[in-house]
Each structure stands twice: as C-alpha cells, then as structure tokens.
Amino acid sequence: MNADLLKQHLKREGATLVGIGDISEALSSEIMHLNRGIAIAVNRNLNRGTVEILSRLQGLAVAWLSVRGFRNLSIPPDSDRQKDKLITKLYKLFCHKTAATCSGLGWVGKNGLVINREYGSKLSWATVLTNAPLLPDRPIRESECGDCDLCVRHCPSGAVTGHHWSVREHGKKLVAYEKCAALKNVRQSIEGKPNCGFCVTVCPYSRNGKKKAANS
Ligand code: SF4
Ligand code: SF4
C-alpha cells in the first residue's frame, strides 16, 4: 500500500519528515500486530510548541488510518511523557528511535539521539503504529557517525562512551545518562533524557546538515 498520500498530507500540515518503517523485529508481544511505524518529525528550530504540533499530526494520521479501517496506536512525543497518566504505560512498549531508524530517517548517533542527515538531532519525534500494510522505506541499520568523535570529546560529564550504534548490537550503552543527570544547570530535555545541549550543538549534522558535515 503506497504511503505517499499520507506522507504528503502530514507534510502539508506541518511535519518536517515522515517515514514508514517495518518494525516487525522490534515489537513486543502486546503490539505484534501493529508492524508498521509511522515516524513523524518536526524541526524544533522552526517550531514552537512541537509537542502540540506532533500531537495534532498524530491525530491526523490516526484519522487517515481509521477511515480506511486500520488499527493504530499513537506513541506520544518523549517530552510529553507525563507521569501518572494511563497512557504512560505505552511508552515502554515502543521507542521513537526504532521507527526513525527503521524508516530510514536517521541513525542513533554516539550522542544517543536520532541523527538525521539534514537536520541532525534537532528534530522532535512521535510515532503512530498501525497494521496498515504501508510500503516501508529503506531502513538505516548502522551508525553513519564514522570517525567523528566531537560529542565524545566535548561532553562535559564524560557520559558519551564513543560506541557505534548498529541494529545488531542495539544493547550497547552509548551514553551514561546518570552522568548527564548529575551535571548542574541541566536545562533542556531531549527525548525525555536530561540534556545540557552540548552533544546536540557540537554535532556537525545538527549545525550544518549533510553537506557541511562531510567537510567538517
Ligand atoms: S547532554 Fe551534556 S552531559 Fe549529557 S551526553 Fe550530552 S553533552 Fe554529555
Ligand atoms: S557529534 Fe559526531 S559522533 Fe557525535 S553524534 Fe554527531 S556525528 Fe555522531
């Protein structure tokens, strides 16, 4: 089933990127029947209120799927993970990084965040799982950080281990988040993790996109 109409619809409504991932390998038994992940990304630099935008886009995707008779499950943006909500239990079932990498929109960088070739880690993510047989995009299965180690060298707490991510070894610890959390003046939260921001701003993909990253 061609997903172009859905992608165009969400982009017209404000999505920066939309991808379709075959997420069969990553599903727990509770949600095994929902084997397509619609990864939706919004550029944090251009948009205020990314949580609201992503929530609205998820609603549009759900409506698109429902009217065609398909089942779906929305996984909210990480920064909207409010405790004590029933929906919080869904978060443990699925990680946005899985939909992003399975749909070819990025890899997990040494900084532990999704890196997109054009936008780096300056994207916020939400996912809609579905049983619609949407044609999946080509996945990214290995890190494209290469020899770069800027986030390793510049991390003020020594939290970035320097390991390369790959689907085959997804259990590797990339970032010691307890070290981030111990930093004083932690002021941002990306993907629900404590964040001082250096490992985003220093990344050549976040600063310049693909073209300049290759030259830096
Ligand atoms: S958020 Fe700050 S402390 Fe944590 S890994 Fe990134 S640079 Fe290091
Ligand atoms: S700074 Fe370099 S090593 Fe770190 S995530 Fe970006 S590209 Fe990868």
Side-chain angles (χ1 to χ4, degrees), residues 14-17 19 39-55 57-58 75-83 88 91-92 94-101 103 105-127 140 142-166 170 172-216:
T16 306
L17 301 171
I40 307 170
V42 166
N43 186 345
R44 286 195 301 275
N45 278 7
L46 299 181
N47 295 285
R48 287 172 180 238
T50 51
V51 170
E52 290 73 22
I53 297 170
L54 283 168
S55 300
L57 291 167
Q58 282 185 305
I75 309 293
D78 284 340
S79 43
D80 195 29
R81 294 186 175 199
Q82 295 171 36
K83 289 178 185 166
T88 306
Y91 305 153
K92 297 193 178 102
F94 195 79
C95 168
H96 297 305
K97 289 175 191 168
T98 304
T101 56
S103 61
L105 293 181
W107 65 94
V108 184
K110 288 177 188 170
N111 63 6
L113 301 168
V114 175
I115 309 288
N116 173 266
R117 291 176 189 132
E118 190 173 352
Y119 298 97
S121 5
K122 294 192 170 179
L123 295 167
S124 293
W125 297 87
T127 307
I140 295 179
E142 297 280 343
S143 169
E144 296 181 15
C145 287
D147 293 335
C148 177
D149 65 350
L150 285 171
C151 59
V152 181
R153 286 191 283 123
H154 287 270
C155 171
S157 69
V160 184
T161 63
H163 288 139
H164 269 270
W165 166 83
S166 90
H170 66 90
K172 264 186 188 170
K173 189 168 188 172
L174 302 176
V175 179
Y177 289 110
E178 67 280 7
K179 292 186 179 178
C180 308
L183 271 188
K184 289 185 177 169
N185 301 323
V186 171
R187 64 180 192 283
Q188 297 184 44
S189 177
I190 294 179
E191 296 183 7
K193 307 287 193 317
N195 195 292
C196 73
F198 283 129
C199 58
V200 174
T201 52
V202 80
C203 178
Y205 287 96
S206 297
R207 283 187 283 126
N208 304 315
K210 182 182 181 182
K211 212 177 189 177
K212 293 183 188 168
N215 298 327
S216 64

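For the numbers below, each heavy atom of this structure counts, side chains included, while hydrogens, waters and symmetry mates do not.
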Looking at every non-hydrogen atom in both residues, tell me the closest pair between [X] and [Y] and how far apart they are.
X	Y	result
G14	L57	C-CD1, 4.2 Å
A15	I40	CB-CG2, 4.0 Å
C203	I115	SG-CD1, 4.1 Å
N116	L105	ND2-O, 2.7 Å
L174	G112	CD1-CA, 4.2 Å
P156	C196	CG-SG, 4.0 Å

Between [atom1] on residue [X] and [atom2] on residue [Y], distance to nearest 0.5 Å:
X	Y	atom1	atom2	value
I75	T127	CD1	OG1	7.0 Å
F198	C151	CZ	SG	13.0 Å
E118	L17	CD	CG	7.0 Å

Strictly distance-based, threshold 3.5 Å: is any side-chain N or O of [X] a donor or acceptor partner for the main-chain N or O of [Y]?
X	Y	answer
H96	P76	yes
K122	V200	no
N111	C199	yes

Apply side chain to side chain contact (heavy atoms under 4.5 Å, CB included) to [X] and list each qualifying residue two or more places apart in sequence or on a separate chain.
X	result
A100	V114, W125
C145	W107, K110, S143, H164
E142	S166, R168

Non-neighbouring partners of E144 that pass salt bridge (charged side-chain N to carboxylate O under 4.0 Å, His left out), sequence neighbours left out:
R117
Applying ring-ring contact (aromatic ring centres under 6.0 Å, His included), name anything that partners W165, two or more places apart in sequence or on another chain.
none
Any side-chain heavy atom of P77 within less than 4.5 Å of one from T50?
no
How about S206 and S121: do any of their side-chain heavy atoms sit closer than 4.5 Å?
yes
Write out all pairs satisfying salt bridge (Lys or Arg N to Asp or Glu O under 4.0 Å) with one or both partners inside residues 152-164, taking only residues at least two apart or from two chains.
D149-R153
The side-chain contact (heavy atoms from CB on, under 4.5 Å) partner of H154 among V202, T201, V160 is V202
